Amino acid sequence: MRNASFAEFTCSACGHRSSPLLHMMHLKQRHQTATGPVTTDEARKAAESYLASAHLGNDLVGKERQARAEMTVNQLCDDYIKHGMTTKKPSTIKTDLGRINGHIRPLVGKKKISSLTRRDVEQLLVDVAEGKTARDIRTEKGRSIITGGKGTATRTVRLLGGIFTYAMNHGLVKANPCPGVKVYKDGSKERFLSQDELDSLAKTLEEAETIGLPWTLRTDAKTKHRPKDKNMREVISPHVTGAFRLLVLTGCRLREILHLRWNEVDLERGLLNLPDSKTGRKTVYLSNAAIELLENLPRAGTYVVAGDNPNKPRADLKRPWKRISEHAGIADVRIHDLRHTFASVGAAQGLSLQVIGKLLGHKSPETTARYAHLTEDPLRRALNDMSGRLPFKRDNN
């Protein structure tokens, strides 16, 4: 580089000869279009700064080109969807795609991956929690409903962190902006049905499949949606009531029961041979009560829990569960709580955590550890029985 005057210089980084005055004019033009007019002194200082940086060997033009060519978060998501989901289950992929397309792309998709900061991620967390990306639109296949909320926000940030970990492992970015972001606490609580609640549920299921459950009139419902007869009852399919009973009797996840095929049921050996579950291939042991239930359940197609299409599994049981749980007085109970209830009954009967984990299909002991506090009652009973045989009990008589 020659004398850094306003004459002519050679950039040591790229070898091109240029005029700093041209750079100054270019900078002045850019400032006029981006932030309004600048003074000659301001443009001169910017040009001098540019000259000083070039003198140090910085390829400013190359850096600008590199920034323009850098991958955006949208492009990273495309790469992750194509190459980073190969080991995930179809149901997990579907959920992840919903969060990527519903939350990540709209909020930070256009940002360059190296420019995404922890502050950006924190703002994404808040925006999703406050419902900024929530929508309910009609599509060709029905409706597309995207919800917000703190739980969704937390899971979206965790997914984004996984995507950036993938990017780091493949040398696409040097840092992950997600670690250290304080996400919302998991508000889900494990709910276990008491014996009285189990009795109420059993009675409601029997009523639902025989005489039916009475309608509850809603004053806000449209007239055409109200039942004409105030005494009208809704009889619920035995496949639906049977599904809820199976959930309590087996501790299975809802999807495992809804996707259960008759050819996977081995009544002779008392087993369900699930080819695919959340933890992979799984064998479910059936009690005598579960075997009897399956023996008496009508076979109406490929799937045990038959729906309108006998050759397709039901999507969910949300609507009938709402009717049943409200009538049984357990409206705060989720379907997944039936699985927790199965584990709690086993713990109350003195089963070890290892056995409970085996029955639930857990691969990790840490997953079953959440039920550790439930095993205290049988231990305490055993302790009291044992201490009663020791000769140190105080006689108050």
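Numbering of residues begins at 1 and proceeds along the displayed sequence. Quick caveat: nothing in here was measured; it's all calculated off a predicted structure.
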Quick check: closest heavy atoms across Leu360 and Phe342, and the distance to 0.1 Å? CD2-CD2, 3.7 Å

Evaluate the ring planes of His259 and Tyr303, with Trp represented by its six-membered ring, and classify them as parallel (under 30°), tilted (30 to 60°) or perpendicular (over 60°). perpendicular

Can you confirm whether Asn263 is buried at CG, in the sense that more than 12 heavy atoms of other residues, nucleotides or ligands lie under 6.0 Å from that atom? yes

Side chain to side chain contact (heavy atoms under 4.5 Å, CB included) with Leu213: which of Arg233, Glu326, His327? His327

Find out whether Asp337 and Phe192 are in side-chain contact, i.e. whether some heavy atom of one side chain is under 4.5 Å from a heavy atom of the other. no

Heavy-atom count check: over 12 atoms from other residues, nucleotides or ligands less than 6.0 Å from Gln354 CD? no

Less than 4.5 Å apart, side chain to side chain, heavy atoms only: is that true for Trp321 and Val333? yes

When you compare the side chain of Ile104 with that of Cys77, does any pair of heavy atoms fall below 4.5 Å? yes

If a pair satisfies ring pair (Phe, Tyr, Trp, His ring centres under 6.0 Å) and one of its residues is in residues 156-183, list it, with sequence neighbours excluded. Tyr80-Tyr166, Tyr166-His170

What distance do Thr250 atom OG1 and Leu272 atom CG have between them, rounded to the nearest 0.5 Å? 7.0 Å

CD of Glu206: more than 12 outside heavy atoms within 6.0 angstrom? no

Do the non-hydrogen side-chain atoms of Glu197 and Ser325 ever get within less than 4.5 Å of each other? no

Donor-acceptor contact present, side-chain Trp262 to main-chain Ala300, <3.5 Å: no

Test item: Tyr184 and Leu125 side chains (from C-beta on) under 4.5 Å apart, heavy atoms: yes

Could you check whether atom CG of Asp332 has more than 12 heavy atoms from other residues, nucleotides or ligands sitting under 6.0 Å from it? yes

Indicate yes or no: at least one non-hydrogen side-chain atom of Leu116 is less than 4.5 angstrom from one of Val173. no

Between Asp199 and Gln195, do the side chains contain an N or O donor and an N or O acceptor separated by less than 3.5 Å? yes

Would you say Arg155 and Leu159 make side-chain contact, with heavy atoms under 4.5 Å? no

Carefully, step by step, assess Lys89 and Asp96 under the rule salt bridge (charged side-chain N to carboxylate O under 4.0 Å, His left out). CA-CA 11 Å; Lys89 297 174 64 63; Asp96 286 353; over 6 Å; no

Do other residues, nucleotides or ligands put more than 12 heavy atoms under 6.0 Å from Glu295 CD? yes

Expected output: side-chain Thr341 to main-chain Leu193 donor-acceptor under 3.5 Å: yes

Any sub-3.5 Å donor-acceptor pair from Thr154's side-chain atoms to Lys150's backbone N or O? yes

For Phe244, which of Ile257, Leu254, Ile324, Thr204 qualifies under side chain to side chain contact (heavy atoms under 4.5 Å, CB included)? Ile324

Given 3.5 Å as the limit, does a donor-acceptor pair link the side chain of Arg105 with the main chain of Asn74, or not? yes

Taking the side chain as everything from C-beta on, heavy atoms only, tell me whether Leu124 gets closer than 4.5 Å to Val181. no

Greater than 12 external heavy atoms within 6.0 Å of Lys88's NZ: yes

Go through the side-chain N and O atoms of Thr133 and His103 and say whether any donor and acceptor fall under 3.5 Å apart. yes

